[in-house]
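In what follows, chains are A, B, ... by sequence order, proteins preceding strands, each numbered from 1.
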Amino acid sequence: MAKFYITCAIDYANSSPHAGTAYEKIGADAIARWKRLQGHDVHFLIGMDEHSINVVKKAEAQGMDPEKYCDVMEPKFTDLWKALHISNDDFIRTTQKRHIASATEFFKRVFAKGDIYKAKYTGLYCIGCEAYLKPGDLVDGKCKNHGTEPQKLEEENWFFRLSKYSQAMVEHIEKHPEFVQPDVRRNEVLNVAKDGLEDISISRSTFKFGIPLTCDPAHVMYVWFDALVNYISGVGFAADEAMFAKWWPADLHVIGKDITRFHCLLWPAMLMSAGVALPKQIWGHGWVHYKGQKMSKSTGHLLDPWDVITPHGADALRYFMLREVAWDRDGDFTWEAFTARYNADLANGLGNLLNRTVSMIHRYCQGVLPGVGEAGTADDELKANLVAAPLDVAALMEKQDLSGALERIWDSVRRADKYVEENAPWSLSKQGKTARLATVLTFLATSLARLSVLLHPFIPATAEKIRAQLGLSGPLVIPAAWEPLPPGHKIGEPAALFPRIEAEKTDPAAEGQPAKGKPKGGGQAKGPEKTK
RNA sequence: AGCGGCGUAGCUCAGCUGGUAGAGCAAGGGACUCAUAAGCCCUCGGUCUCCGGUUCAAAUCCGGACGCCGCUACCA
């Protein structure tokens with residue numbers, strides 16, 4: 001069984017996770033779970049990035065040590081990941097001993113390679129960016145990202161010879177089209193590499209919260225040089241050779257599109273320098289916008305995942321993110337779109353199909369499957385659709401087309417709903433056609449049983465509920481040939497998976513405000529618009 | 001500014017190795033009733049941003065215009 005090592009970017013400890021942070025974990029989790037279903041030995045790593053000047057400031061503001069502050073922040077992340085059913089195997093913090101030890105050893109190797117040197121640097125430093133700004137970053141003398149005035153600083157810093165690896169990076173990216181994906185990101189990165197990379201400062205001496213450089217303990221590692229190493233320190237780099245050999249190189253780094261440069265250029269160059277193999281693929285996903293605007297920590301335009309999870313459940317958020325926000329591009333969360341998706345797909349679609357199926361089995365067969373009887377209308381179409389589903393989903397997942405996979409699963413949901421109508425079990429019952437009724441109900445239950453497995457990577461808690469209602473237990477196995485559930489199989493009790501969301505009171509931020517006046521039956525909602 | 005992407009039914013998008021357009025949702029109508037007033041069937045709905053060109057034939061190729069967006073080294 002092949003191994004599959006997948007990571008997410010570790011999150012900055014200085015602010016609570018928002019829906020964008022969650023999106024990345026949800027997507028990666030779906031991939032990790034799918035790989036496990038396929039039989040891979042999966043290691044899924046996420047974590048927290050702590051050695052940042054911003055963490056120091058936040059901590060100071062609250063009168064805490066940075067370490068203490070991070071301890072307080074940790075559950076804000078881990079609690080959310082638990083609630084979202086993120087199946088990470090490990091959670092790394094860059095202040096952990098294991099990471100500091102690995103990062104230190106890593107630095108030593110790069111240093112020994114002669115890729116670290118000391119130089120003086122003068123520039124305009126933006127605290128928000130934790131970076132020196134270039135002329136292009138300035139608008140009226142202020143940072144274009146933060147609107148704050150940068151400080152003029154002169155520092156003696158240690159630099160990494162990133163420039164030395166420009167050519168190697170270009171070659172690697174060209175030789176391995178899958179290395180950076182999707183293509184948009186790949187093209188971007190390739191262009192940057194072709195322009196030539198510049199050496200990068202990788203130490204800071206203005207504060208102490210960080211990993212000291214072995215060559216100069218007055219300096220600590222620059223946050224990125226430190227943070228990227230988590231991917232190897234998390235699997236035992238320079239500590240547990242067997243573990244490291246088993247998992248590294250990573251099969252997939254999942255990151256936000258904004259940090260592709262670090263991951264696709266700096267990180268590989270660092271690895272080359274240290275003589276460590278490169279990850280196989282880096283995937284830069286897009287952004288989840290909120291109400292049409294980019295989410296932003298500085299302006300506070302954020303969607304709090306709990307606002308969705310608390311009233312509607314983790315799977316409602318997972319489903320929306322995975323279905324509505326394509327994994328390779330930006331998407332938008334609005335409460336209207338969320339409600340529409342939820343009701344149409346989860347409540348009316350999947351939820352209702354399960355509910356009517358389980359109810360009918362109770363009503364017509366006392367909750368016990370009678371087994372396959374007489375063949376009939378649409379049996380073959382239903383079977384064909386559900387036998388093809390796992391293969392189709394596998395092909396789509398191979399391309400990381402997460403929303404496409406869900407779309408495909410829902411095609412089966414619709415096919416099954418149609419099968420109900422085509423066979424009208426209620427009529428069969430009235431007419432006493434029990435042999436045919438037996439087949440129809442068995443096929444429906446079987447269809448849902450199969451779908452429950454395919455749904456698991458995306459909405460795991462719901463998949464479990466479906467299985468419970470269908471009376472299924474045991475390990476999840478991706479279904480292959482059509483195998484109807486056996487006669488005598490006992491079904492559980494029906495319960496609504498996703499209660500319909502009725503009113504428009506979904507947006508917690510809008511509560512208390514005058515109703516938005518969406519005319520319900522007035523009929524003139526969209527009339528006047530079309531005038532020429 | 002340079003490089004790249006996008007602009008297709010009310011909405012989200014597919015189609016783009018050329019042959020006058022598709023899906024889901026939304027909207028309207030219908031027959032049913034197992035079900036979360038859900039589901040099923042039917043219908044409505046598009047000058048494929050605009051202007052030129054190549055071609056027997058272009059949403060699909062080429063040129064240009066307009067609009068939106070991404071990247072141009074340090075925020076998921």
Categorize [X] for me: base, sugar-phosphate, or nothing, with a 4.0 angstrom heavy-atom threshold over every strand shown.
X      : answer
A:L497 : base
A:A9   : sugar-phosphate
A:Y364 : sugar-phosphate
A:L354 : nothing

[N] OP1/OP2 closer than 4.0 Å to side-chain N/O of [X]:
X      : N     : result
A:R261 : B:U72 : yes
A:K418 : B:C41 : yes
A:K194 : B:C3  : no
A:N352 : B:G39 : no
A:R500 : B:A38 : yes

Any chance the side chains of [X] and [Y] put a donor and an acceptor closer than 3.5 Å?
X      : Y      : result
A:N54  : A:Y12  : no
A:D11  : A:T21  : no
A:Y290 : A:W335 : yes

**Prompt:** Any donor-acceptor pair under 3.5 Å joining the side chain of A:E188 to the base of B:G4?
**Reply:** no

**Within 6.0 Å of CD in A:E421, more than 12 heavy atoms from elsewhere** = yes

Is there a Watson-Crick or G-U wobble partner for [N] with both distances under 3.5 Å, and if so, which one is it?
N     : result
B:U47 : none
B:C71 : B:G2
B:U17 : none
B:C11 : B:G24

Atom-pair distance ([atom1] on [X]; [atom2] on [N]), nearest Å:
X      : N     : atom1 : atom2 : answer
A:D417 : B:U36 : CG    : P     : 13 Å
A:R341 : B:C13 : CZ    : C1'   : 9 Å
A:W267 : B:A73 : CH2   : C1'   : 18 Å

**Prompt:** Ring centroid separation for A:H263 and A:Y231, is it under 6.0 angstrom?
**Reply:** yes

